[in-house]
Amino acid sequence: MSSPPSSVDRDGTQGRSPVLAALSVSVLTVLFAGLWLTLVGPTDPGSWIIGVPAVIAAVWARQRLAPAPGRGLSLLGALRFLPVFLIESFKGGIDVARRVLGTRLRVEPGLLTYRLSLDSRAARVFFVDLVSLLPGTLSADLQGDTLVVHALDCRVDAAPELLRLERHVARVFRERLPEQGAPTP
Amino acid sequence: MVALHWLAAALILAGLLFFVAGTVGLLRLPDALSRLHALTKADNLGLFLVALGLLVANPEPFFALKLLLIWLLVMAAAATGAHLIAKRAVRGDGEDAP
């Protein structure tokens, strides 16, 4: 596994008062129960046979994996990113469909590396998942700051797109990227 | 009303086409990493279109929230799962390791 940067606290609950921790457990339980209720609907009480263990597991996992408190999220950044994400999702889906539905497969798979500038774990996980949802790229491995990206067509240079995406993610997570976020050659 | 139903049908049908494309990709692409592309991207768009079509057919706020949740959860699961499979494939230490 990648070693987290020293600025990222692995245990997000550390240093919080017990009252706050207990409160967050009850708030989380209500939240996840609401999530379950939204998914299965309120008409079937029997669904709680699965729902209760699922909610408990979700609260436990969230407490175990809670990211260190970061700078919070930027609503404006998220709103600016949403249309970009939708458009890129469309391009990604159409691109793959066109490549595989033709009589000849038009792919030239290859690996490339990309140096991540994002700092917080939450932003990194978000970015790693996004890379896989957007056109032509799939995040294959993350070792330290180096993201190994699989490209469906390595004749197209993916680095500028990744840089643009990383800037969007940085805005959503209120992070500052270095001015010249140079991708690894 | 009728126009909306046709719109819903068209959206769902378009979504299903992307699921078909994703499946064709899964069968035709040469290696595990390339196949993951088809699964994450084509299916994500397919699900978005199907969810949008269902919302047009049944425009209720609670139902919309449910569809939004399903879409977000499936996307997060697909992208994270794809990353984990890809990581094993790149490092060559998974079950399929030669």
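A note on names: the letters A, B, ... follow the listed sequences, proteins ahead of strands, and every chain is numbered from 1.
Highest contact tally toward chain B, considering only A:L134, A:L111, A:V125, is held by A:L134 [criterion: heavy-atom pairs under 4.5 Å].
Residues from residues 32-45 of chain B that place a non-hydrogen atom less than 4.5 Å from a non-hydrogen atom of chain A comprise B:L33, B:S34, B:L36, B:H37, B:A38, B:T40, B:K41, B:A42, B:N44, B:L45, given in numerical order. Using a 4.5 Å cut-off between non-hydrogen atoms, the part of residues 94-103 of chain A that approaches chain B consists of A:I94, A:V96, A:A97, A:V100, A:L101, A:G102, A:T103. Identified by a heavy-atom distance below 4.5 Å to chain A, the contributing residues of residues 66-74 of chain B are B:K66, B:L69, B:I70, B:W71, B:L73, in residue-number order. Scanning residues 17-27 of chain B against chain A with a 4.5 Å non-hydrogen threshold yields B:F18, B:A21, B:V24, B:G25, sorted by number.
Separation of atoms CG (A:L152) and NE2 (A:H150) is listed at 7.0 Å; rounding is to 0.5 Å.
Criterion: ILVMFWY side-chain heavy atoms under 4.5 Å apart, direct or through other members. Under it, A:V52 and A:I50 are part of a common hydrophobic cluster. B:L52 and B:L16 fall within the same hydrophobic cluster, defined by Ile, Leu, Val, Met, Phe, Trp and Tyr side-chain heavy atoms under 4.5 Å apart, directly or through other members.
In this structure, A:D153 does not pair ionically with A:R106, as no charged nitrogen and carboxylate oxygen lie closer than 4.0 Å.
In this pair, A:F81 and A:H168 present their aromatic rings tilted. The plane angle is within the 30 to 60° band.
Only the side chain of B:F48 comes within less than 4.5 Å of a heavy atom of chain A; its backbone N, CA, C and O stay farther away.
In plain terms, the two heavy atoms of A:E175 and A:A123 that are nearest each other are OE2-CB, 3.7 Å.
Around CD1 of A:I49, the count of heavy atoms belonging to other residues, nucleotides or ligands within 6.0 Å does not exceed 12.
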